[in-house]
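Sequence lines set the chain letters: A, B, ... in the order given, protein chains first and strands last, and positions in each chain run from 1.
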Amino acid sequence: MILPVHALVRRRLQQTLAETFGLQEADQPAIAIEMPPRRALGDLAVPVAFELARRLRKAPRAIAQELTTALGTIPGVARIEAAPNGYLNFFLDRRSFMLDRLRGAAPAAAPPLAGKVIVEHTAINPNKAAHIGHLRNSALGDTLVRLLRYQGRPVEVQNYIDDTGVQVADVVLGFTQLEGRDLAGVQALANDPAVRFDYYCWDLYAKVTEWYEGDATRLQARAHAMHAIEEGGNALAGMGAFVADRIVRCHLRTMARLNVDYDLLTWEGDILRLRFWAKAFEELKALGAVFLQTEGKLAGCWVMKIEEPAGAADAVPAEGETARDAEPAEAEREKVIVRSNGTVTYVGKDIANQLWKFGLLGRDFFYRVFDDRGGRPLWATTSTPPAGGAAPPPFGKAAAVYNVIDSRQAYLQQLLKQSLGTMGFPGQAERSTHFAYEMVALSHATARELGYADTESSGKPFVEVSGRKGLGVKADDLLDRLIATATAEVMQRQPELPAADARVTAEAIAVAAVRYFLVKFSRGKVIAFDIQEALSFEGETGPYVQYAVVRANNIFGKLRERDGLDGTGVIAALASLPPTALTEGDEADELWGLVLEASRLDELADSAIRALEISQLAKFAFTLAQAFNTFYHRQPIMREERADVRLWRAGAVEYCRQQLTTALGLMGCSVPTRM
RNA sequence: GCGCCCGUAGCUCAGUUGGAUAGAGCGUUGGCCUCCGAAGCCAAAGGUCGCAGGUUCGAAUCCUGCCGGGCGCACCA
């Protein structure tokens with residue numbers, strides 16, 4: 001926990017700049033606090049003197065030197081040095097820093113921002129099994145949720161279920177048109193223990209796509225089915241509801257395997273049935289934000305004008321092209337909100353949903369318990385008042401909203417934000433964040449392994465996953481393979497371990513492998529998923545981090561066995577020990593470096609949230625595990641004979657394992673007892 | 001055509017609101033298990049940070065223009 005130290009140092013610098021240089025806080029540059037490249041230079045570095053050099057007409061070094069003396073003493077800071085190049089370097093009081101952290105006595109970080117945060121993630125169309133692309137969404141979203149909660153913010157996790165969209169309609173048509181099933185037939189299929197219903201729908205969905213391609217008039221059947229499902233109260237709608245319910249339950253089981261869960265399932269059908277959209281539509285019409293288009297190809301549709309980014313609207317035509325040649329639609333783009341057949345597009349429904357999330361709609365859902373989850377009810381929205389039962393917690397009315405959706409939908413998210421602003425809620429628009437990330441594609445090797453020949457001839461660097469074509473790695477298949485591989489590894493290393501325990505361990509390893517893999521890349525990068533790469537448990541992987549903690553835990557197992565010492569025993573013993581092993585010599589510097597690095601979890605968590613870069617958390621955990629492994633090899637604990645040295649090292653191991661366990665937990669990963 | 005994203009070592013990627021000598025993993029080569037677990041550690045080799053300008057005391061990072069790649073610009077979501 002280093003942020004409280006940052007806050008203290010920053011505050012003292014601001015005071016000193018005001019007192020010594022007469023710079024009021026408003027005129028001061030932002031004070032960045034960095035880590036020096038080498039520990040010998042200091043523990044914290046502040047480059048503020050460079051910033052001030054011009055304004056004060058002095059050399060950075062002179063400013064740094066003045067600051068050094070003017071700052072005086074700061075609690076917890078042993079000394080301050082002005083580096084020859086102008087850096088201001090802070091050396092912390094190692095003993096008190098480490099003891100405070102071990103005791104958990106470090107002052108709390110800045111109080112978290114007030115108000116509930118809603119994070120919406122996963123949102124898989126409920127018409128087929130989850131695949132690797134969906135997993136990236138869930139892993140990023142769930143980790144964001146855990147990070148926000150770690151910061152002390154109240155978070156509500158929502159999973160949006162698009163049960164009235166075209167994709168459910170497609171599968172319903174597959175059942176009725178291709179297979180001639182009625183509702184009872186689909187129910188029988190779903191209840192057949194030999195059938196994996198989500199896998200079955202996966203294949204059926206791909207067949208429906210081919211069926212459409214066979215005859216363009218079949219698209220009319222699709223439009224009809226969609227309309228029927230939206231209307232409700234008919235056979236197609238009944239089947240759609242059944243399919244969506246069953247597939248959602250499949251998705252929840254898959255996600256539970258990865259330690260991902262939710263507070264509320266928001267069903268799109270309820271938004272329609274409760275006329276959320278009708279309410280939002282009235283307001284949008286009254287504001288003139290949407291209007292009925294009477295001419296052109298969009299005649300008969302209710303449309304919304306799209307705000308062009310600044311400068312784009314009045315762009316001059318390219319040379320050789322006159323303004324007359326340009327499409328009129330280019331100048332004033334319109335997005336269809338209500339189709340000419342009267343159905344509402346996704347954007348329309350989601351505008352209503354966004355308003356509800358912020359408590360701006362003036363209407364609420366009814367709620368039902370969707371799943372018991374062993375005493376932790378999972379709630380879902382519903383359209384009718386429930387007969388009785390427990391009262392739901394207060395949902396919605398958030399201060400801020402994160403929508404975790406891949407960047408291909410950036411355009412729609414932009415519209416959503418825009419409409420919030422248009423409707424008179426610029427503050428909420430500002431606090432509505434699209435957490436955008438790039439898609440997961442497949443490497444050519446993995447596509448080939450899945451039976452897709454000759455994907456290289458496309459000339460593209462990767463193969464795009466396509467649910468429509470049934471092309472992709474199913475989440476459960478991937479997990480099964482990872483568990484099988486991990487089980488083999490565990491049994492090889494721990495032959496005496498009972499099979500059931502080996503399985504539990506393998507599951508923990510598999511989850512860490514896949515979750516770490518999905519968050520280690522920065523979000524702007526397309527992941528070309530390669531199954532062989534993902535099956536690795538070595539190098540920069542989740543299992544590497546787990547392994548470091550297992551080793552640390554083993555040390556304490558042995559300490560307890562031999563010396564009767566546990567974590568708290570070590571901490572108690574350290575209080576009366578001279579700190580030489582922490583303060584003098586190369587080994588002490590290395591020990592201290594490990595403790596300081598471990599303390600940065602809160603700093604990295606904060607940074608990861610601000611930048612929406614979960615990869616920073618992953619990188620932190622890996623780097624710390626690496627530092628621990630180096631320390632582990634160089635500075636033994638059990639066989640160290642000097643008692644004080646042994647205990648200080650044990651203290652470092654204790655803090656390290658705590659921080660690494662927390663970091664893994666933030667990524668939804670656990671630590672096996674052995675592996 | 002317009003918008004967004006990406007371009008850093010053979011491959012896959014980090015690089016913290018511009019800061020000290022550009023770092024990992026994989027792969028390659030060579031070492032380390034009578035010693036807290038080798039899913040590990042140590043070492044070596046490997047980079048005109050796509051190109052060209054500009055801003056700055058300082059640029060992989062910011063700006064402009066190119067080049068290459070991806071994704072969007074549906075009465076799908």
Side-chain angles (χ1 to χ4, degrees), chain A residues 30 32 34-38 41 45 47 50 53-54 59-60 83 85-87 123 125 162 165-167 223 226 297-298 300-301 303 306 308-309 312 315 317-318 321 326-327 330 333 335-341 343 345-347 350 405-412 414 436 438-439 441 460-462 464 468 486 489-490 493-494 509 520-528 530 533 536-541 543-544 546-548 550-552 554-559 562 603-604 607-608 610-611 613 615-616 618-620 622-623 626 629-630 632-634 636-640 653 674-675:
Chain A
E34 304 167 356
M35 296 288 280
R38 279 164 288 124
L41 291 170
F50 301 111
R54 174 172 295 251
N85 61 4
Y87 264 102
N125 273 301
D162 183 4
V166 68
Q167 294 210 23
M226 231 171 80
K297 59 180 181 178
L298 298 183
C301 299
V303 300
I306 297 163
E308 294 294 336
E321 179 189 334
E327 283 281 323
E330 282 296 303
R333 297 247 297 280
K335 175 70 191 173
V336 172
I337 306 298
V338 180
R339 302 183 186 101
S340 53
N341 68 5
T343 58
T345 61
Y346 162 81
V347 181
D350 217 15
I405 308 176
D406 81 72
S407 54
R408 284 175 294 192
Q409 297 194 38
Y411 169 64
L412 295 177
Q414 194 50 44
E438 275 291 345
M439 62 173 170
K460 297 209 172 182
F462 43 74
E464 192 170 349
R468 229 181 288 277
E489 295 280 332
V490 172
R493 287 158 222 260
Q494 314 277 345
I509 292 170
K520 73 189 248 192
F521 303 98
S522 56
R523 63 192 169 99
K525 230 127 193 171
V526 175
I527 298 181
D530 188 86
E533 194 185 343
S536 167
F537 303 144
E538 291 169 14
E540 196 197 332
T541 65
Y544 176 97
Q546 288 176 312
Y547 187 65
V550 168
R551 282 173 143 180
N554 280 349
I555 292 174
F556 272 87
K558 291 189 189 276
L559 270 180
R562 191 189 72 182
E603 179 190 345
L604 269 295
S607 168
R610 270 189 289 108
E613 275 297 0
S615 57
Q616 291 182 10
K619 192 63 74 179
F620 167 80
F622 173 67
T623 308
Q626 223 176 12
N629 273 330
T630 304
Y632 176 93
H633 279 273
R634 284 216 272 240
I637 285 98
M638 292 303 291
R639 96 186 126 70
E640 173 56 49
V653 173
R674 303 163 71 184
M675 63 187 283

S.K.: Can you tell me whether the base of B:C11 sits syn or anti, using the 90° cut around 0 to define syn?
M.R.: anti
S.K.: Under 3.5 Å, is there an N or O donor on one side and an acceptor on the other linking the side chain of A:N629 and the base of B:G40?
M.R.: no
S.K.: Counting distance only, does the side-chain N/O of A:S340 pair as donor-acceptor with the main-chain N or O of A:C301 below 3.5 Å?
M.R.: no
S.K.: Among the nucleotides B:A77, B:C36, B:A20, which one has an atom lying closest to any side-chain atom of A:P36?
M.R.: B:A20
S.K.: Which nucleotide in the list B:A20, B:G70, B:G37 gets nearest to the side chain of A:Q494?
M.R.: B:G37
S.K.: Tell me the interatomic distance from A:R634, atom CZ, to B:G40, atom P, rounded to whole angstroms.
M.R.: 17 Å
S.K.: For nucleotides B:C6 and B:A14, find the distance between their P atoms and express it as a whole number of Å.
M.R.: 10 Å
S.K.: Using the P atoms only, state how far B:U16 lies from B:C42, rounded to an integer number of Å.
M.R.: 24 Å
S.K.: For A:K558 and A:S536, take the nucleotide of RNA chain B holding the closest heavy atom to each; which residue's nucleotide lies nearer the 5' end?
M.R.: A:S536
S.K.: Could you work out the separation of B:C5 and B:U61 based on their P atoms and round it to a whole Å?
M.R.: 16 Å
S.K.: Is it the case that the base of B:U21 and the side chain of A:R38 share a donor-acceptor contact (distance under 3.5 Å, atom types as modelled)?
M.R.: yes
S.K.: Using a distance-only criterion (donor-acceptor N/O pair, under 3.5 Å, no hydrogens), is the base of B:A20 paired with the side chain of A:N85?
M.R.: yes
S.K.: Could you write out RNA chain B as a dot-bracket string, with dots for unpaired bases, | for bases paired across to another strand, and Watson-Crick or G-U pairs counted at under 3.5 Å?
M.R.: (((((((..((((.....[...)))).(((((.......))))).....(((((..]....))))))))))))....
S.K.: Which sits closer to the 5' end of RNA chain B, A:Y547 or A:L41, going by the nucleotide each is nearest to?
M.R.: A:L41
S.K.: Ignoring hydrogens and angles, answer whether the base of B:C75 and the side-chain atoms of A:S340 contain a donor-acceptor pair closer than 3.5 Å.
M.R.: yes
S.K.: Just call it for A:L412: base, sugar-phosphate, or nothing, with non-hydrogen atoms closer than 4.0 Å on any strand.
M.R.: base
S.K.: Hey, what are the protein-to-nucleotides 6-10 of chain B N/O distances that come in under 3.5 Å?
M.R.:
residue	atom	partner	partner atom	Å
B:G7	OP1	A:K525	NZ	3.1

